[in-house]
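The chain is numbered in sequence order, starting from 1. None of these values were measured; they are calculated from a predicted model.
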Amino acid sequence: MKIISDIQELRDHLRGQNRASFVPTMGNLHEGHLSLMRLARQHGDPVVASIFVNRLQFGPNEDFDSYPRTMQADIDKLEKEGVYILFAPTERDLYPQPQEYRVDPPQQLGDILEGEFRPGFFKGVCTVVLKLFSCVQPKVAVFGKKDYQQLMIIRQMAKQFALPVDIIPGETIRAEDGLALSSRNGYLSVEERAEAPELQKALKEVRERVIQLKDRNTQSISEIEKVAINSLAQRGWQPDYIAIRQQSNLAPASNEQLQAGEPLVILTAAKLGKTRLIDNLEI
């Protein structure tokens with residue numbers, strides 16, 4: 001595996017490669033990331049991964065400085081997966097001048113859910129992804145469905161800018177107890193890690209209530225959301241949201257859409273202690 005930090009050197013190595021598949025990451029790799037590498041190999045060759053902790057998507061009180069950085073362990077894992085190039089730029093490599101040009105997603109998609117609780121997050125994500133696409137120039141790029149809203153925003157960005165990149169979704173990989181794998185899971189204490197699977201259980205309970213609602217129509221969607229938020233809060237969580245949305249555009253779902261068979265998704269973000277976890281479940 002070639003490890004490259006310089007943009008021009010990366011382009012030199014990829015010159016003539018018009019089927020490259022790309023998996024951007026922030027490192028601290030786990031099985032979820034590695035599953036994306038395998039999916040990338042199914043859709044293109046060679047496989048290029050990147051590791052870059054992107055300052056632009058962290059808020060002033062978030063965990064940029066403490067975000068786990070495990071470069072050597074990540075390199076070992078990527079080599080075992082047969083990744084051809086690891087693009088690991090420094091901030092000076094990727095942002096040689098202050099990144100004053102930014103990509104701002106539309107408010108109706110970028111300022112809701114994660115965007116409401118992490119202002120500017122998706123602007124930072126879109127800006128770095130567009131720049132990484134420019135550096136790698138892949139045929140396909142793979143993103144995990146755990147970051148459901150991010151996947152949708154990047155897919156729409158690629159479409160609206162007519163980027164020659166196919167966005168491939170990768171399924172969420174979970175631990176045996178149901179917790180979605182995340183680099184931030186390492187922040188959890190032993191007690192918090194034992195409690196953490198309750199987040200997915202809450203999503204499953206919401207899904208069951210929504211399915212029952214379609215048959216009986218006895219409750220509103222907003223009432224289901226409130227009950228789920230209160231249940232998590234009673235267990236000691238600090239929920240930001242549990243939201244039932246349309247899969248197509250993440251707009252709020254209605255009982256009428258449910259009855260009509262509109263595909264829905266439940267999204268959640270909640271803090272357990274100092275660790276903020278996200279998850280989702282499609283209906």
Side-chain angles (χ1 to χ4, degrees), residues 1 19-54 57 68 70 73-75 77-88 105 109 113-114 121-122 125-126 128-130 132-133 136-159 163-186 197 199-200 203-204 207 245 247-248 250 263-269 277-283:
M1 183 176 72
R19 295 187 61 252
S21 55
F22 178 44
V23 185
T25 82
M26 293 206 300
N28 193 227
L29 304 182
H30 50 66
E31 183 58 30
H33 295 109
L34 302 182
S35 73
L36 301 183
M37 307 297 165
R38 296 166 201 145
L39 182 59
R41 182 170 294 104
Q42 296 175 22
H43 291 273
D45 181 70
V47 176
V48 181
S50 68
I51 293 177
F52 181 70
V53 183
N54 177 41
Q57 68 194 66
T70 55
D74 293 345
I75 289 171
K77 291 173 183 176
L78 293 176
E79 285 183 330
K80 289 179 181 177
E81 293 298 330
V83 169
Y84 175 60
I85 289 177
L86 168 59
F87 181 45
L109 194 55
L113 302 171
E114 284 299 280
F121 171 69
F122 289 117
V125 168
C126 288
V128 76
V129 169
L130 184 62
L132 289 169
F133 283 174
V136 178
Q137 299 180 23
K139 177 182 180 288
V140 301
V142 180
F143 292 84
K145 289 174 73 172
K146 184 179 80 71
D147 298 289
Y148 202 92
Q149 187 177 5
Q150 173 179 280
L151 169 65
M152 178 172 289
I153 287 174
I154 290 170
R155 181 178 276 159
Q156 291 298 319
M157 179 185 76
K159 182 178 180 181
L163 302 178
V165 184
D166 293 330
I167 307 300
I168 307 295
E171 294 297 329
T172 301
I173 304 300
R174 300 181 180 277
E176 290 185 4
D177 57 9
L179 178 64
L181 299 188
S182 169
S183 297
R184 289 187 168 94
N185 290 353
L199 192 63
Q200 198 218 11
L203 292 178
K204 288 183 174 180
R207 182 172 63 180
R245 299 297 176 101
Q247 286 186 26
S248 59
L250 297 188
L264 305 179
V265 59
I266 314 156
L267 305 105
T268 185
L277 303 177
I278 65 171
D279 205 345
N280 62 79
L281 195 61
E282 292 179 324
I283 306 178

Which pairs count as salt bridge (charged side-chain N to carboxylate O under 4.0 Å, His left out) when at least one residue sits in residues 26-38, sequence neighbours excluded? Glu31-Arg38, Arg38-Glu81
Does the side chain of Gln42 come within less than 4.5 Å of Ile168's, by heavy atoms? no
What one should report as the nearest heavy-atom pair of Gly27 and Ser183 is O-OG, 3.5 Å
How far does CD of Glu114 sit from CG of Leu267, to the nearest 0.5 angstrom? 8.5 Å
Would you check if Leu109 and Met152 make a side-chain contact, meaning some heavy-atom pair closer than 4.5 Å? yes
Shortest non-hydrogen contact from Ile278 toward Ala269: CG2-CB, 3.8 Å
Do you know the tightest heavy-atom contact between Ala40 and Val23? CB-CG2, 3.7 Å
Where Lys77 and Leu29 come nearest, the two heavy atoms and their spacing: NZ-O, 2.7 Å
Side chains of Asn54 and Val129, heavy atoms from C-beta outward: is any pair under 4.5 Å? no
Nearest 0.5 Å, please: how far is CG in Leu113 from CZ in Phe121? 12.0 Å
Taking side chain as C-beta onward, heavy atoms only, is Lys139 less than 4.5 Å from Asp166? yes
Please check this pair: side chain of Thr25 against backbone of Ser50, looking for a donor-acceptor N/O pair closer than 3.5 Å. yes
Under 3.5 Å: donor-acceptor pair, side chain of Gln247, backbone of Leu264: yes
With a 4.5 Å cut-off on side-chain heavy atoms, are Ile153 and Val125 touching? no
Any side-chain heavy atom of Pro24 within less than 4.5 Å of one from Phe52? no
Determine whether a donor-acceptor pair (N or O, by modelled atom type, separation under 3.5 Å) exists between the side chain of Asn280 and the backbone of Lys145. yes
Measuring from Thr70:OG1 to Ile51:CD1, what's the distance to the nearest 0.5 Å? 7.0 Å
Atom NE2 in His33, atom CG in Leu78: separation rounded to 0.5 Å? 10.0 Å
Does the pair Leu179 and Leu199 meet the rule for a side chain to side chain contact (heavy atoms under 4.5 Å, CB included), with working shown? CA-CA 8 Å; Leu179 178 64; Leu199 192 63; 5.7 Å; no
Show me the pairs that pass side-chain hydrogen bond (donor to acceptor under 3.5 Å, both in side chains) and involve residues 146-156, at least two apart or across chains. Tyr148-Glu282
Between the side chains of Asp279 and Arg174, is the shortest nitrogen-to-carboxylate-oxygen separation below 4.0 Å, so that they form an ion pair? yes
In chain order, what residues pass the ring-ring contact (aromatic ring centres under 6.0 Å, His included) check against Tyr84, with sequence neighbours excluded? none
Begin from the C-alpha positions of Val142 and His43 and carry the test side chain to side chain contact (heavy atoms under 4.5 Å, CB included) through to its verdict. CA-CA 9 Å; Val142 180; His43 291 273; 5.6 Å; no
Minimum heavy-atom separation for Val83 and Val47, please, with both atom names. CG1-O, 3.5 Å
Donor-acceptor contact below 3.5 Å, side chain Asp74 vs main chain Asn28: yes
Working for side chain to side chain contact (heavy atoms under 4.5 Å, CB included), residues Ile85 and Val136: CA-CA 10 Å; Ile85 289 177; Val136 178; over 6 Å; no
Evaluate the side-chain proximity of Asn185 to Leu277: yes if any heavy-atom separation is below 4.5 Å, no if none is. yes
Shortest non-hydrogen contact from Arg207 to Ile266? N-CD1, 3.6 Å
Do Phe22 and Phe133 come within less than 4.5 Å of each other through their side chains, counting heavy atoms only? yes
